[in-house]
Protein chains: 2
Amino acid sequence: MARPSSSDLLKIDNLLCFALYSAGHSFTRLYKPLLEPLGLTYPQFLVMIALWENDGQTVSDIGEKLLLESSTLTPLLKRLETAGLIKRTRDRDDERVVRITLTRQGAALKDKAATIPEAIGCATNLTINDVKKLTHEIAALRKTLQSALTAA
Amino acid sequence: MARPSSSDLLKIDNLLCFALYSAGHSFTRLYKPLLEPLGLTYPQFLVMIALWENDGQTVSDIGEKLLLESSTLTPLLKRLETAGLIKRTRDRDDERVVRITLTRQGAALKDKAATIPEAIGCATNLTINDVKKLTHEIAALRKTLQSALTAA
DNA sequence: AACGATTAGATCGTGCGCGATATATCTCGG
DNA sequence: CCGAGATATATCGCGCACGATCTAATCGTT
């Protein structure tokens, strides 16, 4: 097996990072028409999923889960609050902390969202096991990259 | 093997789309300090790679390659032009078309960039073959998703 | 030649996503 | 109890990323 030349490594189609980048955007485009009826953008959908999984998280809890900064989350959460899906309340015991809780509407939205992952799954044209395997591999890669980042 | 329940499917860590989304961002963060000396952002880097591979492409050529719209590319290309890395010129034969060509500086930047993919490759902690395999799988997935999109 | 339809880019408004910085609150040593 | 640091969130500016819309150029048909 030949060692890859630097010219190979600089081809767009050989770059793992570009594959991830473009596949991620493709997913966002695919989700868009499904999320529109719920009034959610794709990142907002991810935040809602995190909350359905575990209500009452703090801003930084969500940030750790989704790998997002407060500068991204604060405006996004304000939009979700304006939409009536969540409430942002300062923690009594520590006024620095903002705790995010689902409103009744926000919690109810979960049922409408329940059908979405299956529809997306179909579009991937992969078996459930292939999806599982790929998800796991990419998540492991993300962990490796993140630890390389925090080490630096 | 049990059929996955809808509650499983709505867990963030089981979502292929989230794995891609977050791993993509992790890559961007990893590239950032390496691209800073070149004066490039990550999407700008991708455009430069496309041009190093094939100089003189049109805006829509680049858009097709990278799956980006003119509304994204036009401002980005203007920034690259301001930075002196490319030139934007209307095609003589068809004045609607804008052709993107590398300046001497833009072409020269390729040498500096050549070391980056290897540094990134190391950080993935994967073998060259694993990277290749994963890249291929994700690219195939992207193609499936995109064809689902254009079909709709 | 002429005009409707198509095409290539550009522009605009909205929503991420982040680094740098600001503000408010808490913690801890003395 | 007080001030120095630490912590949680917010704010700001910049650069994507996209859909909707605009403009200018080209193409096709008559």
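Each chain gets a letter, A, B and so on, in the order the sequences are listed, and its residues count up from 1.
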Below 4.0 angstrom, which residues in residues 68-89 of chain B have at least one non-hydrogen atom near DNA chain D? B/L68, B/E69, B/S71, B/T72, B/L76, B/R79
Just by modelled atom types, is the B/G63 backbone N or O under 3.5 Å from a matching donor or acceptor in the B/S60 side chain? no
Apply side-chain contact (heavy atoms from CB on, under 4.5 Å) to residues B/I49 and B/E53 and explain how you reach the verdict. CA-CA 6 Å; B/I49 291 176; B/E53 213 170 303; 4.1 Å; yes
Rounded distance [0.5 Å steps], CZ in A/R96 versus OG1 in A/T58: 11.5 Å
Does anything in residues 76-101 of chain A form a ring pair (Phe, Tyr, Trp, His ring centres under 6.0 Å)? List the pairs, not counting sequence neighbours. none
Tell me which residues in residues 47-60 of chain B put a heavy atom below 4.0 Å from DNA chain C, sorted by number, or none. B/T58, B/V59, B/S60
From B/I138 CD1 over to A/E137 CD, what is the distance, rounded to the nearest 0.5 angstrom? 8.5 Å
Have a look at B/R90 and say if it touches a base, only the backbone sugar-phosphate, or nothing, with a 4.0 Å heavy-atom cut-off. sugar-phosphate
Within the side chain of B/W52, is there an N or O that forms a donor-acceptor pair under 3.5 Å with the backbone of A/K11? no
Provide, to the nearest angstrom, the distance between the CG atom belonging to B/L66 and the P atom belonging to D/dC16. 12 Å
Between B/R92 (CZ) and D/dA24 (P), how many Å, whole number? 20 Å
Distance check, rounded to the nearest 0.5 Å: A/L16 atom CG versus B/K132 atom NZ? 13.0 Å
Nearest 0.5 angstrom please: B/I120 CD1 to B/Y31 OH, how far? 4.5 Å
What is the distance from CD1 of A/I62 to C1' of C/dG17, rounded to the nearest Å? 16 Å
Give the rounded distance in Å between these two atoms: CZ of B/F45 and P of D/dG15. 19 Å
For DNA chain D, what residues of residues 23-35 of chain A have any heavy atom nearer than 4.0 Å? A/H25, A/R29, A/K32
Nearest 0.5 Å please: distance from the CZ atom of B/F18 over to the CZ atom of A/F45. 12.5 Å
Please report the closest heavy-atom contact between A/N14 and A/D8, naming both atoms and the distance. ND2-O, 3.0 Å
Would you please name every residue forming a side chain to side chain donor-acceptor pair (under 3.5 Å) with B/N54, sequence neighbours left out? none
Scan residues 36-44 of chain A against DNA chain C and write down, sorted by residue number, each residue with any heavy atom closer than 4.0 Å; if none is found, say none. A/T41, A/P43, A/Q44
A/R96 (side chain) and D/dT9 (base): donor-acceptor pair under 3.5 Å: no
Touch check for A/D93, heavy atoms < 4.0 angstrom, all strands: base, sugar-phosphate only, or nothing? sugar-phosphate
Measure from CZ on A/R99 to P on D/dA8 and round the result to the nearest Å. 12 Å
Which whole-number value in Å describes the distance from B/D91 CG to D/dA24 C1'? 15 Å
Flag, side chain of B/T150 to backbone of B/S147, donor-acceptor distance under 3.5 Å: yes
Inter-residue atom distance A/R99.CZ - A/I62.CD1, 0.5 Å rounding: 10.5 Å
Whole-Å gap separating P (C/dA8) and CD1 (B/I100): 14 Å
Using the rule side chain to side chain contact (heavy atoms under 4.5 Å, CB included), only one of A/V47, A/I100, A/V98, A/L80 pairs with A/L73; which is it? A/V47
